[in-house]
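Quick notes on the structure that follows.
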Amino acid sequence: MKKLFVPVVLLALLILLFVVRFFTFPVITVVCAPYERQFLEKLIHAGLSGGYRVAFSQSIPDGPYLATPSVNVEMGNGYVFSSAELVLEPDDEKMWRCAYGLSGGTFSLAILFDSSSLHEIGLQSAAPGTIGRYSYDGRISSVQAGAFERQLAEDRVQTLIVYSPKGALELLRRDQGYSIVTTDLYAEALETVDVSYTVGPDYSAMLKMVKEKRSGRVKVPYVLLPVKQGLEVLPDRFLELFD
């Protein structure tokens, strides 16, 4: 009985120390619009080694914070992330460069883009010339999806980068074995498409800048992440506490 008592007491003390340490960490508030919160709560996590906790709010708090572009646009500050003395400027070309290194082997990497979007035309034109391009005009129909399927198979496309999936759902819902890469927000919103990788802001890096009270004007850091489903997520969520 005594042999069992000592480890139980030690475990209880460790848990107590963990709780005390966690609740003494400063809180960094992510200031966002209500419609963003449901996504950002899944994307942003606090880590123990980071030394902070995360909260969400619609208004600027007294303490450290990171405001999203949507909030800054409403305040007239432009489409940027910001903190007290720090401004982080988004750069979509930089973000998508995270995904362009996924090609390799005998299969190819390709971009699927909307030729009716000047923004997407600009993004694909800035990508390396070795990457294949497939374009559609506004939306892919069921007939066009079949033609795309055959062409992608013939060209041995393994990874498909999709800037904006909403117009390409007819194709993307057909699971043909290639990996789909899109933004983190789209991946959270899509329920009928299996996304393999996401690109998006590196929130951990930005929150670290806020905690360190960085100042000035810098580019948003970005990260490419694999998407995990179901029980695969649980160990990662636990490990994120120590990241």
Side-chain angles (χ1 to χ4, degrees), residues 36 38-40 42-44 69 90-205 219-233 236:
E36 293 179 297
Q38 61 180 317
F39 300 113
L40 294 179
K42 298 176 183 178
L43 295 172
I44 303 176
D91 184 338
D92 283 355
E93 288 186 14
K94 177 184 176 184
M95 178 178 72
W96 287 108
R97 282 199 293 271
C98 296
Y100 295 151
L102 284 170
S103 60
T106 58
F107 294 90
S108 63
L109 172 71
I111 295 168
L112 182 67
F113 71 97
D114 182 358
S115 60
S116 68
S117 166
L118 291 177
H119 180 61
E120 294 194 20
I121 290 173
L123 288 175
Q124 63 84 28
S125 66
T130 54
I131 298 176
R133 269 85 159 166
Y134 300 86
S135 65
Y136 61 94
D137 186 8
R139 185 170 299 276
I140 296 176
S141 67
S142 58
V143 174
Q144 291 172 322
F148 271 115
E149 274 186 306
R150 292 187 292 272
Q151 190 63 57
L152 291 170
E154 183 179 325
D155 295 343
R156 298 173 68 81
V157 172
Q158 183 184 42
T159 305
L160 193 62
I161 294 173
V162 188
Y163 295 137
S164 177
K166 60 184 179 181
L169 291 177
E170 194 67 45
L171 171 64
L172 302 181
R173 285 174 178 150
R174 305 182 181 199
D175 185 3
Q176 296 301 309
Y178 38 75
S179 299
I180 295 172
V181 186
T182 190
T183 66
D184 48 16
L185 292 179
Y186 271 124
E188 289 292 343
L190 295 173
E191 296 181 353
T192 57
V193 176
D194 289 329
V195 176
S196 300
Y197 294 91
T198 65
V199 290
D202 188 338
Y203 289 101
S204 294
K219 294 289 186 182
V220 172
Y222 293 98
V223 64
L224 172 75
L225 294 173
V227 175
K228 297 184 178 182
Q229 304 293 334
L231 293 176
E232 287 184 282
V233 176
D236 290 347

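Numbers for residues simply follow the sequence, beginning at 1.
Within the structure, the ring-ring contact (aromatic ring centres under 6.0 Å, His included) test picks out no pair touching residues 140-160 (sequence neighbours left out). Residue pairs meeting the salt bridge (Lys or Arg N to Asp or Glu O under 4.0 Å) criterion with at least one member in residues 121-148: none, sequence neighbours excluded.
Taking the side chain as every heavy atom from C-beta outward, Ser115 and Tyr136 never approach each other to under 4.5 Å. Contact annotation: the side chain of Ser108 never approaches that of Tyr178 to less than 4.5 Å [non-hydrogen atoms, C-beta and beyond].
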**Request:** For side-chain contact (heavy atoms from CB on, under 4.5 Å), just list the numbers for Gln158 and Leu109, CA-CA rounded to whole Å, side-chain angles, deciding distance to a tenth of an Å, and then say yes or no.
**Result:** CA-CA 6 Å; Gln158 183 184 42; Leu109 172 71; over 6 Å; no

**Request:** Determine, stepwise, if the pair Arg174 / Ser142 fulfils side-chain contact (heavy atoms from CB on, under 4.5 Å).
**Result:** CA-CA 10 Å; Arg174 305 182 181 199; Ser142 58; 4.1 Å; yes

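Atoms CG and CH2, on Leu224 and Trp96 in that order, are 10.0 Å from each other to the nearest 0.5 Å. Rounding to the nearest 0.5 Å places CE of Met95 at 13.0 Å from CG of Asp202. To the nearest 0.5 Å, atom CG of residue Leu43 and atom CD of residue Gln38 are 11.0 Å apart. The line from CG of Leu102 to OG1 of Thr159 is 5.5 Å long, rounded to the nearest 0.5 Å. His119 contributes atom NE2, which lies 11.5 Å from atom CD1 of Ile121 (distance to the nearest 0.5 angstrom). One distance of note links CG of Asp184 with CG of Leu225; it measures 8.0 Å at 0.5 Å rounding.
Taking each heavy atom of Gly122 and Glu93 in turn, the nearest pair found is O-OE2, 4.4 Å. Across Pro90 and Pro69, no two heavy atoms sit closer than the pair CG-CG, 4.5 Å. Between Thr182 and Ala187, the shortest heavy-atom contact is CG2-N, 4.1 Å. Contact between Val193 and Arg173 at its shortest, heavy atoms only, is CG2-CG, 4.1 Å. For the residue pair Ala145 and Ile140, the shortest heavy atom distance occurs at N-CG2, 3.6 Å.
Using a distance-only test at 3.5 Å, with no hydrogens or angles considered, a donor-acceptor pair links the side chain of Glu120 to the main chain of Asp114. Thr183 places no side-chain N or O within donor-acceptor distance of the main-chain N or O of Val199, the cut-off being under 3.5 Å.
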List the atom pairs, with distances to 0.1 Å, where a side-chain N or O of residues 160-172 and a protein N or O form a donor-acceptor pair under 3.5 Å, not counting sequence neighbours.
unit_1: Tyr163; atom_1: OH; unit_2: Tyr100; atom_2: OH; d: 2.9
unit_1: Tyr163; atom_1: OH; unit_2: Gln124; atom_2: N; d: 3.4
unit_1: Ser164; atom_1: OG; unit_2: Tyr186; atom_2: OH; d: 3.1

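Within a 6.0 Å sphere centred on OH of Tyr134, other residues, nucleotides and ligands contribute more than 12 heavy atoms.
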